[in-house]
Amino acid sequence: MPLLSATAAACPNIALIKYWGNKDHEFRIPENGSISFNLSGLATKTTVTFDPAFEEDRLSINDEVIEDSGLKRVKSFLKIIRQMSGKPYFAHVTSQNNYPMSVGIASSAAAFAALSVAASAAIGLTLSERELSRLARRGSGSACRSIPSGFVEWYPGNSDQNSYAESFASPDHWDLTDLIAVVTKKHKSVGSTAGHALAHTSPLQTARIADTQRRLSVVRHAILNKDFEALAEMVELDSNMMHAVMMTSNPPLVYWEPTTISIIKSVPIWRNENIHVCYTMDAGPNVHVICLKEDVQTVQAKLKEIPGIQDVLIANVGQGTRLITD
Ligand code: PMV
């Protein structure tokens, strides 16, 4: 029998219009559409090997054997692959990240995008990009956006069939840079899966959802027309709306640290100084400071002056998930 093994590499992505809350938790069908771009330079590389001789699924991340909820999540995902392929084999999964996990840099997005591409290829399934996006969504909603390349929109749909992401502009369409200001490297207390389940407890979620089409349309057009001013205003509003929902959930989720607030108060001031820059945050305290290439050095110098920033990771607009064949 041929070796049932494959390796894939994926980037995380940063959402400019956020996904927060599900219509269906099991299938991760989101309440609203979202828009993101992939983050080049940050990478997760995953190898999956299926073997009829294996007696259980195994997972290691960055050379550490994982046995907690991380393994449970991967097992549930591999179960879907086994059902799709009709092959009942267990798998060994090894994954390497070159950036810190669980600090709001969407490591689960890159993880499940890479796992989808590697596991499906390893077991002999030939899937289209759309099918891979749908599959990745089952592991982590935002992972569906790391499958296609560049600037990506996730159409929320209302079923497993019609909830997937697609690219609407290539990575070289617009030279945006994401300076990720790392405020803490500690693991976050409430992960996004638990957070999505709380979204409906906020009285603000209904208003956030009702206004989503408008924000999606402004951001999609701002990207296509390379209109940074329009992008900046809507991206900050959208992030603030999601965090308002988080903070008003029951129980409340407050991801911000004092340094987070220093950054988000500074960025609009810099924009008034004609620097093309805006901020957005995921389910964590780190701030993604997005700017045009021409402003990277200025923004980097300004971030250095803010006390409490531990590190700044730099990413540009990246490719989608790919198989590594060598
Ligand atoms: O894919 P999940 O379940 O990790 O959720 C991601 C949620 C946010 O990062 C906060 C927003 C987004 O759209 O990426």
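Numbering of ligands and ligand atoms starts at 1, following listing order. None of the values given here were measured: they were computed from a predicted structure.
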Nearest-option assignment for atom 4 (O) of ligand 1, heavy atoms, candidates Ala283, Ser192, Gly141: Ser192
Parallel, tilted or perpendicular: rings of His92 and Phe54 (30°, 60°): parallel
Ser140 N/O to ligand 1 N/O under 3.5 Å: yes
Heavy-atom nearest neighbour of atom 14 (O) of ligand 1 within options Arg28, His196, Arg145: Arg145
Numbered atoms and elements of ligand 1 in range of Met242, under 4.0 angstrom, heavy atoms: 10 (C)
N or O pair under 3.5 Å between Ser34 and ligand 1: no
Under 3.5 Å: N/O of Tyr19 near N/O of ligand 1: yes
Within-4.5 Å side-chain heavy-atom neighbours: Pro268 and Tyr279: yes
His243 versus Asn240, side-chain donor and acceptor atoms under 3.5 Å: no
Where ligand 1 meets Ser108 - atom numbers and elements under 4.0 angstrom, heavy-atom basis: 4 (O)
Donor-acceptor contact below 3.5 Å, side chain Arg271 vs main chain Val277: yes
Parallel, tilted or perpendicular, as decided by the 30° and 60° cut-offs, for the rings of Tyr164 and Tyr155: perpendicular
Atoms of ligand 1, numbered as shown, that sit under 4.0 Å from any heavy atom of Ser142: 1 (O), 2 (P), 4 (O), 6 (C), 14 (O)
Those atoms of ligand 1 less than 4.0 Å from some heavy atom in Ala15: 12 (C), 13 (O), 14 (O)
Donor-acceptor contact below 3.5 Å, side chain Ser163 vs main chain Asp160: no
Polar side chain donor-acceptor pair, Asn22 to His196, under 3.5 angstrom: no
